[in-house]
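Comments concern the structure below.
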2 protein chains.
Amino acid sequence: MADALTAKGRATRARLVAGAADVLREQGVAFTTLDDIRARTGTSKSQLFHYFPDGKDELLLAVAQFEADRVLEDQQPHLGQLDSWESWQQWRDVVVERYEQQGDQCPLGALFLQVGRSRPGARAIVTELMRQWQQQLADGIRALQANGLVSSALAVDRTAAALLAGIQGGVTVMMSTGDSTHLKAALDTGIEHLRSTVAPDAAPPISGTAAAAPH
Amino acid sequence: MADALTAKGRATRARLVAGAADVLREQGVAFTTLDDIRARTGTSKSQLFHYFPDGKDELLLAVAQFEADRVLEDQQPHLGQLDSWESWQQWRDVVVERYEQQGDQCPLGALFLQVGRSRPGARAIVTELMRQWQQQLADGIRALQANGLVSSALAVDRTAAALLAGIQGGVTVMMSTGDSTHLKAALDTGIEHLRSTVAPDAAPPISGTAAAAPH
DNA sequence: CGGAAAATGGACCGGCAAGTCCAGAAAGGG
DNA sequence: CCCTTTCTGGACTTGCCGGTCCATTTTCCG
């Protein structure tokens, strides 16, 4: 039997993935060797290949999945409850804070570029993450519509796609320039765009909440 | 004197950069060796190090600059003339086409991740590109304002930043999923956002030009 | 022409990092 | 308590790839 893992085995494997994720965040994929990971996690070469027989690629893939799982988790519970302007604003703040803290590391992007075309699994991980993310944003917009806060004529999926793109791009730019202006601009403009479509019947005035901050 | 390049020398150097750019687009930075580049460009190791004494990093940096220069060029002349809805639409189409054609290659992103933290120059190249790009978008929005097509109350720089983020993110997502939906959504939603702020005095009705295409 | 500077070819080196292997320690379970 | 399976340690191999070096050819310029 191929995967008969004891408790100790599972622990070692998990330590390997988490430790690898840390090292990769710090040094970047291109500059990280298996020996770095081995040293950090207090393991030996044989353990690494015992749990990841296909070597580095397989480990990297596991780390990618590990990181992908984190992304949406870190945005909860707000991302799952986008039914009022307040919750959108809180979510926005969490996103900004999370990525500002992450700084110029984009573990997932880097991993994807590295493993990308060699292993088909990498693409699947990112695609699935994007799908779920956009789904939750779309659900949030629909919740606003249900509450009469956003025009029901709005193209929900397209708007959610645009917002997701803005976030991704904001993060991309921040990684390059070290500045979160674009991320904030994308989020704020996206939310402002939602607010500007307020349904004609129940339309509370736009308070300065999201429209502040010139640049 | 360090940089006394003859005509022949300049040609070889240029061939090296252009050829390297091709190979890097095809194979990705991580999987490209100096020998690949040497083979493709019909040069020898000594030539490579003759023109790029600091080796691979220096060559990669030159390629990054080469690619960066292309990005804005490919969007001209539209990007420099964004003074009517038609020109915005044409520009949008060019951007979509350019990146759809590029497919899942992002030479600049990949180069940045590879050279990124080792050479400070890499960050400068990307930062400058973003600055110019956003500048031209902002100029375009101001041109619309001057023509009374967009409310003069709009925060130009923030909107331009959000639009740029949307483009970057759209490209990022397309690289991962192979699908340009998000890029189009970001561009169309961005333009729609501009249209929705039409100045109260001179406000021609919104024709279906940009608001078409559900998803 | 002729000498200097630039350009070119390609053999060679050295290090590094992925992956292999086997011996031995620790669990597990009947 | 013993035998099997899993887990661990670390030395070793192997190939690749960035970088060096020097001999040779070509170009430039007075």
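Proteins come first, then strands; the chains are lettered A, B, ... in the order of their sequence lines, and each starts at number 1.
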Worksheet item: Side-chain donor-acceptor pair under 3.5 Å between Glu100(A) and Ser180(A), yes or no?
Response: yes

Item to complete: Using only heavy-atom distances, determine whether the side chains of His182(B) and Gln134(A) contain a donor-acceptor pair under 3.5 Å.
Response: yes

For the pair made of [atom1] in [X] and [atom2] in [N], what is the distance, rounded to whole Å?
X	N	atom1	atom2	value
Arg38(B)	dC16(D)	CZ	P	15 Å
Gln47(A)	dT6(D)	CD	P	16 Å
His50(B)	dA6(C)	NE2	P	8 Å
Lys56(A)	dG19(C)	NZ	C1'	12 Å
Phe52(A)	dA18(C)	CZ	C1'	16 Å
Arg13(A)	dT8(D)	CZ	P	13 Å
Ile37(B)	dC17(D)	CD1	P	12 Å
Asp36(A)	dA17(C)	CG	P	7 Å

Item to complete: Could you check Pro53(A) against Thr33(A) and say which one's nearest nucleotide on DNA chain C is further toward the 5' end?
Response: Thr33(A)

Discussion item. Judged by each residue's nearest nucleotide on DNA chain D, which is more toward the 5′ side, Gly55(B) or Arg10(A)?
Written reply: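 Going by which nucleotide is closer to the 5' end, it is Arg10(A).
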
Worksheet item: The side chain of Ser44(A) lies closest to which of these nucleotides: dG9(D), dC7(D), dG19(C)?
Response: dG9(D)

Fill in: Nucleotide nearest Thr6(A) (side chain, heavy atoms from C-beta), chosen from dG18(D), dT8(C), dG28(C)
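Nearest to the side chain of Thr6(A) among the choices is dG28(C).
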
Just checking [X]: base, sugar-phosphate only, or nothing, at a heavy-atom cut-off of under 4.0 Å?
X	result
Lys45(B)	base
Tyr51(A)	sugar-phosphate
Ser46(A)	base

Discussion item. Quick check: closest heavy atoms across Gln65(A) and Ile125(A), and the distance to 0.1 Å?
Written reply: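 Where Gln65(A) meets Ile125(A) most closely, the heavy atoms are OE1-CG1, 3.3 Å.
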
Worksheet item: Under a 4.0 Å N-O cut-off, is there an ion pair linking Glu67(B) with Arg70(B)?
Response: yes

Practice prompt. Please examine the side chains of Leu144(B) and Leu82(B), heavy atoms only from C-beta on, and report whether any two atoms are closer than 4.5 Å.
Written response: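 They are not in contact (no side-chain heavy atoms under 4.5 Å apart), so the answer is no.
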
Item to complete: Indicate whether OP1 or OP2 belonging to dT8(C) is found under 4.0 Å from a side-chain N or O atom of Thr43(B).
Response: no

Worksheet item: Does Lys8(B) put a side-chain nitrogen or oxygen below 4.0 Å from OP1 or OP2 of dA7(C)?
Response: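 Checking dA7(C) against Lys8(B), no side-chain N or O comes under 4.0 Å of OP1 or OP2.
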
